[in-house]
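This report refers to the structure that appears directly beneath it.
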There are 2 protein chains.
Amino acid sequence: MTETAAAAGVGDCASRTSVRPRPDGQDSYTIGEVAALTGLSAHTLRWYERIGLMSRVGRSHNGQRRYDNDDLRWLEFVGRLRLTGMPVADMVRYAELLREGDHTFAARQELLVRHREEVRRHIAELRATLAVLDFKIEIYGGSAR
Amino acid sequence: MTETAAAAGVGDCASRTSVRPRPDGQDSYTIGEVAALTGLSAHTLRWYERIGLMSRVGRSHNGQRRYDNDDLRWLEFVGRLRLTGMPVADMVRYAELLREGDHTFAARQELLVRHREEVRRHIAELRATLAVLDFKIEIYGGSAR
DNA sequence: TGCTTGCCTGGAGTGCACTCCAAGTCTCTA
DNA sequence: TAGAGACTTGGAGTGCACTCCAGGCAAGCA
């Protein structure tokens, strides 16, 4: 269980760690460091690569993964999409389009536009529920007193 | 597959159906009608009852479920909580507290207050991502042209 | 009378997104 | 030189929230 300890220790705040992004050129991170930086587990990072959500990560002379700042930026974006509920399959599709090159601009844009609509719809739902919660909580406040 | 056909036919708009809420006193709905009204499948409605997310629903003389307007209102609230990401286990906990009676006011209020915080946090995340999406989509617009 | 439709039950199956395991390699420190 | 610790792999396991299945019952209609 040693491997996941780093990520687990980070808890809900991924930046509370000694690992900091390094300047481009000297940017080389082990999977454990990336886990600490992103809050993802090393398991999940390998799985992301396996399913094509990340293009193949660079390797050290002995086969260990070495992530760079571009990888970190990509993981941050992926994290955003994930937090806003985009299915992993859609994120993989987006990653594939990116790898395919410039002629997929339109398709990528469409994918993001569709997701933006989803996010907007979701915000509206959350707002409506917030109103319901406010109402109920107020009732409880009044009754408890 | 006859059973789920009603719910499936409803699609994304649960109100596009001939079943309408009836006045209190004449409110008695079969599981199929409730499925059409709520957009949940009959399977899910039975499962909700089994796990205690609904208190035991009334029965007809031959053992079939008969839902009333209170059940419908509860299902609507549950649907809101579900859409805002509350785990089913928490919703079950809330339902249990409700059944336990008035002395659980404070606990119920606390549960809702905590969820409200979650929802607020989530809205903030979605807003931040919306900004990122706007930026990326604009880039694609410029590059594609 | 037979057929269809809608419902009942407990338990098994599904899809998603991880999460862990076993067995091994490599590097570093005591 | 031994041991610890971080890493490697493919494949199996987990938890959640449903979703379906098999076998059966009851009511309405031709």
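Just so it is clear, the structure is predicted and the values come from calculations on it, not from any experiment. Here is how names work: the chains are called A, B, and so on, in the same order as the sequence lines, proteins then strands, and each is numbered from 1.
- Using a 4.0 Å heavy-atom criterion, one finds that A:Arg82 contacts the sugar-phosphate atoms exclusively.
- Remark: P of C:dT25 and NE2 of A:His61 are 16 Å apart, rounded to the nearest angstrom.
- Residue-level contact check: A:Arg66 touches neither bases nor backbone, having no heavy atom under 4.0 Å from any strand.
- What separates CG of B:Leu81 from C1' of D:dA17 is a distance of 15 Å, to the nearest Å.
- Between A:Ser41 and C:dC18, a side-chain N or O to OP1/OP2 separation shorter than 4.0 Å is absent.
- In this model, the phosphate group of D:dC18 is approached by a side-chain N or O of B:Tyr48 to a distance below 4.0 Å at OP1 or OP2.
- One can place CD1 of A:Ile51 at 17 Å from P of C:dG15, the figure rounded to the nearest angstrom.
- Between B:His43 and the phosphate of C:dC7, there is no side-chain N or O to OP1/OP2 separation shorter than 4.0 Å.
- Side-chain contact between A:Thr84 and A:Arg116 is absent, with no heavy-atom pair separated by less than 4.5 Å.
- Look at CH2 on A:Trp47: it is 17 Å from P on D:dT8, rounded to the nearest Å.
- Using a 4.0 Å heavy-atom distance criterion, A:Arg65 is classed as a sugar-phosphate-only contact.
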message: side chain to side chain donor-acceptor pair (under 3.5 Å) for B:Tyr29 and B:Asp71? Distances and angles first, verdict last.
response: CA-CA 10 Å; B:Tyr29 311 88; B:Asp71 295 326; over 6 Å; no
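- Note on A:Thr44: every side-chain N or O is 4.0 Å or more away from OP1 and OP2 of C:dA17.
- Atom pair A:Glu49:CD and C:dC18:P shows a separation of 16 Å (rounding to whole Å applied).
- For B:Val88, whose side chain is taken as the heavy atoms from C-beta onward, the closest listed nucleotide among D:dA17, C:dC8, C:dA17 is D:dA17.
- Using a 4.5 Å heavy-atom threshold, the side chains of B:Arg108 and B:Tyr94 count as touching.
- Counting only heavy atoms from C-beta on, A:Arg46 has its side chain closest to D:dT9 among D:dA17, D:dT9, C:dC26.
- Toward the 5' end of DNA chain D, the nearer of the two residues B:Asn62 and B:Met86, judged by each one's closest nucleotide, is B:Met86.
- Looking at which nucleotide of DNA chain C each of A:Met91 and B:Arg50 is closest to, the 5′-most match is held by B:Arg50.
- The interatomic distance linking B:Leu45 (CG) with D:dC18 (C1') rounds to 12 Å, in whole Å.
- Here D:dC20 presents its P atom at 14 Å from CD1 of B:Ile31, a figure rounded to the nearest Å.
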message: For a side chain to side chain donor-acceptor pair (under 3.5 Å) check, start with the C-alpha distance between A:Arg99 and A:Ser55, then their side-chain angles and the critical distance, and finish with the verdict.
response: CA-CA 8 Å; A:Arg99 284 194 286 277; A:Ser55 41; 4.6 Å; no
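- Here A:Arg59 reaches the OP1 or OP2 of D:dT9: one of its side-chain N or O atoms lies under 4.0 Å away.
- Contact check for A:Lys136 versus B:Gln109: no side-chain heavy atoms found under the 4.5 Å cut-off.
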